[in-house]
Amino acid sequence: MPRHKLKIAVVLGGGGLKGFAHIGVLRALQERKIVPTRIAGTSIGAFIASAWVAGMSVDEMQGRAESLQKRDLFRVDHVGMLVNRFRGASIYLEAPLRALCESVGPKGTFEGLRIPLLVNTVDVERGTQVVWGLPGLQNVPVADAVYASCALPGAFPPGKVDGRVCVDGGVIDNLPASIAALGMDAVFACDVGSSDLSPATDVTTKGFAAIYMRSATIMMHALQGWPLSTWNGPPMVLARPRLGHVDWLGFGNTKEVIDEGYRAASEALDSLDTALAAHGGIHPRRPIQIHVDRSRCTGCTTCVALAPRTMALDAEGKAYPLAPEREWSPADGDFVRHCPTAAITVKRLDVADDMAAETLDVPHAQPPGEEAA
């Protein structure tokens with residue numbers, strides 16, 4: 001089927017200000033003349049998606065992102081914290097974030113948008129996922145849903161959408177690909193918030209906010225792993241920009257983040273035709289080699305428990321790969337980083353040895369007592 005007739009869903013994940021990478025993603029899609037049939041997002045992914053649906057150009061998005069200042073978004077609710085103390089709804093005021101959501105997205109409701117938009121939230125009172133824009137969930141202001149999707153618990157107050165008290169959709173699903181994929185021929189997804197769990201050695205020195213965000217990242221990563229590892233929808237092209245060094249709520253890296261989104265999306269989109277021909281699975285798929293350092297392996301069985309189809313124990317109680325050479329997608333290999341002694345390493349076989357580590361989009365472990373590079 002010609003590309004222009006394909007029904008393609010674009011899914012943009014949450015990740016705080018790392019999500020500005022999605023602007024580069026949209027530029028890469030635009031250059032390849034890929035027009036989404038449906039676009040879905042969580043948190044900043046919903047924010048960027050709403051701007052695109054409203055007709056904002058990629059150039060304008062980038063200009064606005066690069067000019068955004070901390071005071072435009074984060075204003076501490078001093079009165080609320082002083083008066084209510086631990087009963088306060090959040091650290092920051094609602095008004096600045098809500099104003100941004102209202103200024104970039106479509107005016108009015110989800111009905112009649114030029115491109116169907118799905119905004120992922122969580123009803124914090126009912127404990128349920130609510131995706132605004134689905135049938136029966138369209139007659140609400142888009143700005144209300146986008147604000148709620150961006151309302152990171154504790155940082156911003158929950159948002160009210162059609163009488164529901166909603167917060168950041170990443171609490172349940174940071175990359176709402178499954179629901180966006182229904183009825184589609186293919187999915188392009190960009191995960192910016194939970195994919196890169198590079199070791200961090202200074203979390204405790206940066207205060208409670210850094211500890212909270214690191215913990216939230218780990219939680220979201222774990223939640224995201226299951227639906228990707230069991231993906232049985234249409235072919236998915238998954239981009240995972242390398243943004244582990246960027247703070248969720250930090251400023252000063254905007255252009256770098258956008259450029260990295262463009263790079264990751266462009267590289268992933270090179271596999272689109274291959275993905276379509278495969279009729280399923282997650283792409284791009286890279287030839288890799290798994291190696292176990294037997295001197296480090298303690299036989300703890302963690303890798304076997306997490307990946308029984310990939311790893312096993314030999315007669316001496318040491319781990320080994322059932323097939324040392326295989327193909328992996330960006331969603332594969334999470335068990336590697338869980339090895340407590342970093343005995344398992346993975347390298348790509350389709351690039352030069354001196355580039356293999358830099359171009360490998362799979363998790364890795366850090367040996368105990370060694371600082372992250």
Side-chain angles (χ1 to χ4, degrees), residues 11-17 19 22 38-54 73-75 77 80 84 87-111 113 116-180 182 191-194 212-213 215-217 219-220 223-224 227 248-249:
V11 185
L12 307 179
L17 297 183
H22 295 318
R38 172 188 298 154
I39 187 165
T42 293
S43 195
I44 193 168
F47 179 84
I48 298 296
S50 72
W52 187 84
V53 169
L73 183 58
F74 301 119
R75 297 180 195 169
D77 185 4
N84 297 314
R87 295 181 64 86
S90 64
I91 297 173
Y92 300 111
L93 293 167
E94 174 180 333
L97 176 58
R98 179 170 286 279
L100 282 173
C101 294
E102 292 175 349
S103 70
V104 305
K107 311 303 178 186
T109 71
F110 287 83
E111 297 174 327
L113 296 177
L117 170 66
L118 302 181
V119 174
N120 185 39
T121 68
V122 169
D123 184 324
V124 74
E125 294 182 330
R126 296 175 174 85
T128 59
Q129 183 177 13
V130 185
V131 182
W132 303 99
L134 292 174
L137 297 170
Q138 297 177 340
N139 192 25
V140 299
V142 172
D144 285 356
V146 172
Y147 169 80
S149 188
C150 292
L152 181 69
F156 295 99
K160 284 195 174 181
V161 190
D162 196 29
R164 293 175 177 263
V165 180
C166 296
V167 298
D168 191 329
V171 169
I172 286 180
D173 189 356
N174 204 42
L175 191 71
S178 297
I179 199 159
L182 296 176
D191 179 8
V192 296
S194 60
Y212 172 82
M213 293 309 304
S215 300
T217 301
M219 176 192 71
M220 291 178 183
L223 287 172
Q224 207 62 66
W248 275 58
L249 305 180

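Here, residue 1 is the first one in the sequence, and each next residue gets the next number.
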Self-check item: N/O donor-acceptor pair under 3.5 Å between Gln129 side chain and Val122 backbone
Solution: no
Quiz item: Do Phe156 and Leu73 come within less than 4.5 Å of each other through their side chains, counting heavy atoms only?
Solution: yes
Quiz item: So do Glu111 and Asn139 actually touch side chain to side chain, heavy atoms under 4.5 Å?
Solution: yes
Quiz item: Does the Ser149 side chain pair with the main chain of Ser43, one donor and one acceptor, at a distance under 3.5 Å?
Solution: yes
Quiz item: Counting N and O atoms only, with roles assigned by atom type, does the side chain of Arg38 sit under 3.5 Å from a partner on the main chain of Leu118, one being a donor and the other an acceptor?
Solution: no
Quiz item: Has the side chain of Asn120 got a donor or acceptor atom that lies under 3.5 Å from a matching backbone atom of Asp173?
Solution: yes
Quiz item: Would you call Ile39 and Leu12 a side-chain contact if the rule is heavy atoms closer than 4.5 Å?
Solution: yes
Exercise. Indicate yes or no: at least one non-hydrogen side-chain atom of Pro153 is less than 4.5 angstrom from one of Val171.
Key: yes
Self-check item: Minimal non-hydrogen separation, Gly19 against Ile48, with atom names
Solution: O-CG1, 4.0 Å
Quiz item: Is there a side-chain contact between Asp162 and Trp132, using heavy atoms and a 4.5 Å cut-off?
Solution: yes
Quiz item: Ignoring hydrogens and geometry, is there a side-chain-to-backbone donor-acceptor pair from Asp123 to Thr128 under 3.5 Å?
Solution: no
Quiz item: Considering only heavy atoms from C-beta outward, does the side chain of Thr42 approach that of Leu175 to under 4.5 Å?
Solution: no
Practice problem: Would you name the heavy atoms of Pro106 and Leu113 that are closest together and state the gap between them? | Solution: CB-CD2, 3.7 Å
Practice problem: For Pro96 and Leu93, work out which heavy atoms get closest and say how close. | Solution: CD-O, 3.6 Å
Practice problem: Identify the heavy atoms of Gly105 and Ala54 that sit nearest to each other, and give their distance. | Solution: C-CB, 3.7 Å
Quiz item: Distance-only, no hydrogens or angles: does the Lys107 side chain make a donor-acceptor pair with backbone N or O of Glu102 under 3.5 Å?
Solution: yes
Quiz item: So do the side chains of Thr121 and Val161 get within less than 4.5 Å of each other, counting heavy atoms only?
Solution: no
Practice problem: Could you check if a side-chain atom of Leu97 sits within less than 4.5 angstrom of a side-chain atom of Cys150, using non-hydrogen atoms only? | Solution: yes
Quiz item: For the side chain of His22 and the backbone of Gly13, is there at least one donor-acceptor N/O pair under 3.5 Å apart?
Solution: yes
